[in-house]
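The structure under discussion appears below in the form of structure tokens.
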Amino acid sequence: MWKSRNVWIILSGEMIAGFGLWMSIIANLEFMQRYVPSDFLKSLILFTGLLAGVLFGPLAGRVIDSVNKKHILLYSGVGRLVSVSFMFAAIHYESVWWMVLFAVALQISAAFYFPALQSLIPLVVEERQLLTMNGVHMNVMTIARIMGTALGGFMLTVMSLSSLYALSFAAYVLLLVSTFFLQVKDGEGSLAGNPAGASKPKGSFKDVIPVLKELPVPMMVLCLTVVPTLFIGGFNLLVINISELQNDPQIKGWLYAAEGTLFILGGFLVKRLSERRDLLKLLFFFAFVVAFAHLSLYFSNYAPASVASFAVFGLAAGCMFPVASTLFQTQVPREYHGRFFSFRSMLDRVLFQVILLGTGLFLDTIGLQLMVLLFGALSLGLTIYFQYRQRKAGVMHVSKESGVPAEKAG
């Protein structure tokens, strides 16, 4: 895998794009702090961008499945450059409306880029290498997030807001140039269980729904990813509340550090943990651990307990997400990858916002400790329910080598 030029282009491009993205996010927060006095208006600006990404999801899915995926990445890269250009106008005119255009354009580009990238990965590595590639790719994204935000925060102290956006623009230019060197041929062969010559999709985004209904494994995995999202959706609010509960501002840094470090470690360990183990059982195990981490936050008034909870969650989530991505890539027919990953992206965006609002509501009404018990019990219930559904459906395990779900005999 490491001898493949495409792999290095994707990973280095993701690192560059991550730097550009998170530096621009830091710059966005600074711009809104200067020119948007209302917190509600700030949330509306962010929501407008996310809504645009959701609305363009169906179109993105159809296009990705019908057009060369490299071309999608290139056009998305151009879209990112256009979006950053709007922020130069926003700064020059001190206009929030230009920032709204930036948020919309950036999220539309992301609606095409990330599903196309997920669809591209199975085309550049062998199926047995997918778990390793997904783990490394996730870690690159995490490292870029950590370093990009740190660098962006430092840059704001030594340079202007326009200069920070210029660095973000330069990063996106490098990403666009690197994408030109990808060498990928769409439509060659198929994944296990989806032989060449299978019926082609009609081209409608809705076609992916009946396909998913006939595939028990992707549906279970899709529902099971709600478990870590229940934790991630309110992550920042949890950190703030734990800091207030302990009356210790420094605990925020320890919580972020514990989660981020163990998240990266999980991405590196997942390949070894999956040796001679089927991926579906491994996914259920990590979901149970995430639920336990959520429940253990009941003792978050103690600093060591809260740090341990975030560390356990980081390790479990760092293992869970690469396994889920690998199952999606191997169990969903390749000709539906674009529409499926667009559907998943839309679902993630909506679910994240719902959980974020729910977290804020419960923190104001029932408090942190009762809320984590509620969310943790929900996570545990979902995991037990879908494990029961797995056994009832007759899906015993998913072979790591072939990617084909094995069923009960008879």
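A donor-acceptor distance shorter than 3.5 angstrom exists from the side chain of Lys70 to the backbone of Phe180, with no hydrogens or angles considered. The main-chain N or O of Ala258 is never found under 3.5 Å from a side-chain atom of Thr261 such that the two would form a donor-acceptor pair. Side-chain atoms of Ser83 come within 3.5 Å of backbone N or O of Arg80 as a donor-acceptor pair. A donor-acceptor distance shorter than 3.5 angstrom exists from the side chain of Thr359 to the backbone of Ile355, with no hydrogens or angles considered. Side-chain N or O atoms of Gln246 include one that pairs as donor or acceptor with a backbone N or O of Ser300 at under 3.5 Å.
In terms of heavy atoms, Ala324 sits closest to Thr225 at CB-CG2, 4.1 Å. The two residues Ala111 and Gly53 have their closest heavy-atom pair at CB-O, 3.6 Å. The two residues Ile251 and Ser243 come nearest to each other via the heavy atoms CG2-CA, 3.5 Å. Across all non-hydrogen atoms, the minimal contact from Ala291 to Leu380 is CB-N, 3.7 Å. Considering every non-hydrogen atom in both Val290 and Pro228, the closest pair reads CG1-CA, 3.9 Å. Contact detail for Ala293 and Val312: the closest heavy-atom pair is CB-CG1, 4.0 Å.
Within the model, atoms CZ of Phe386 and CE of Met220 stand 9.0 Å from one another, a figure rounded to the nearest 0.5 Å. Of the inter-residue distances, the one linking Leu175 atom CG with Ser178 atom OG reads 5.0 Å to the nearest 0.5 angstrom. A distance of 4.0 Å separates CD1 in Ile232 from CZ in Phe313, rounded to the nearest 0.5 Å. Taking CD1 of Ile10 as the reference point, atom OG1 of Thr179 lies at 9.0 Å (rounded to 0.5 Å). To the nearest 0.5 Å, atoms OH (Tyr172) and CG (Leu167) are separated by 12.0 Å. In this structure, the separation between SG on Cys319 and CG on Leu315 is 5.0 Å, given to the nearest 0.5 Å.
Tested against Phe86 for a ring-ring contact (aromatic ring centres under 6.0 Å, His included), the candidates Tyr165, Phe31, Trp98 yield a single pass: Trp98. Checking Val332, Leu347, Asp348, Leu327 one by one against Leu222, the side-chain contact (heavy atoms from CB on, under 4.5 Å) holds for a single residue, Leu347. Screening Leu230, Leu373, Val226, Val227 against Leu378 for a side-chain contact (heavy atoms from CB on, under 4.5 Å) leaves a single residue, Leu230. The one candidate from Asn301, Leu238, Leu297 that meets the side-chain contact (heavy atoms from CB on, under 4.5 Å) condition with Leu368 is Leu238.
Around atom CZ of Phe56, no more than 12 heavy atoms belonging to other residues, nucleotides or ligands sit under 6.0 Å away. Atom OH of Tyr302 has 12 or fewer neighbouring heavy atoms from other residues, nucleotides or ligands inside a 6.0 Å radius. Around the CZ atom of Phe114, the shell of radius 6.0 Å holds more than 12 heavy atoms that belong to other residues, nucleotides or ligands. Enclosure of atom CZ in Phe88 by more than 12 non-hydrogen atoms of other residues, nucleotides or ligands within 6.0 angstrom is indicated.
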Exercise for the section: Evaluate the side chain to side chain contact (heavy atoms under 4.5 Å, CB included) criterion for residues Phe169 and Val173: first the C-alpha distance (whole Å), next the side-chain angles of each, then the deciding distance (0.1 Å), finally the verdict. Expected result: CA-CA 6 Å; Phe169 188 90; Val173 169; 3.7 Å; yes
Handout entry: From CA spacing to verdict: side chain to side chain contact (heavy atoms under 4.5 Å, CB included), Leu382, Cys223
Key = CA-CA 8 Å; Leu382 286 171; Cys223 295; over 6 Å; no
Handout entry: Leu280 and Val221: CA distance, side-chain angles, deciding distance, side chain to side chain contact (heavy atoms under 4.5 Å, CB included) verdict
Key = CA-CA 8 Å; Leu280 201 53; Val221 177; 4.2 Å; yes
Practice task
Go through the steps to decide whether Val372 and Leu295 satisfy the test side chain to side chain contact (heavy atoms under 4.5 Å, CB included), and finish with yes or no.
Solution key: CA-CA 6 Å; Val372 296; Leu295 289 169; over 6 Å; no
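In this structure, the side chains of Met320 and Leu224 come closer than 4.5 Å at one or more pairs of heavy atoms. The closest side-chain heavy-atom distance from Leu73 to Tyr113 is below 4.5 Å. Between Arg344 and Pro218 the shortest side-chain heavy-atom distance does not fall below 4.5 Å. Here the side chains of Ile242 and Val239 are not in contact, with every heavy-atom distance at 4.5 Å or above. The closest side-chain heavy-atom distance from Ile108 to Leu55 is not below 4.5 Å.
Residues passing the side chain to side chain donor-acceptor pair (under 3.5 Å) test with Tyr298: none are found, sequence neighbours excluded.
Not less than 6.0 angstrom separates the ring centroid of Phe321 from the ring centroid of Phe286. Between Tyr75 and Phe112, a ring centre-to-centre spacing not shorter than 6.0 Å is recorded.
Sorted by first and then second residue, the side-chain hydrogen bond (donor to acceptor under 3.5 Å, both in side chains) pairs involving residues 284-297 (not counting sequence neighbours) are Ser296-Ser309.
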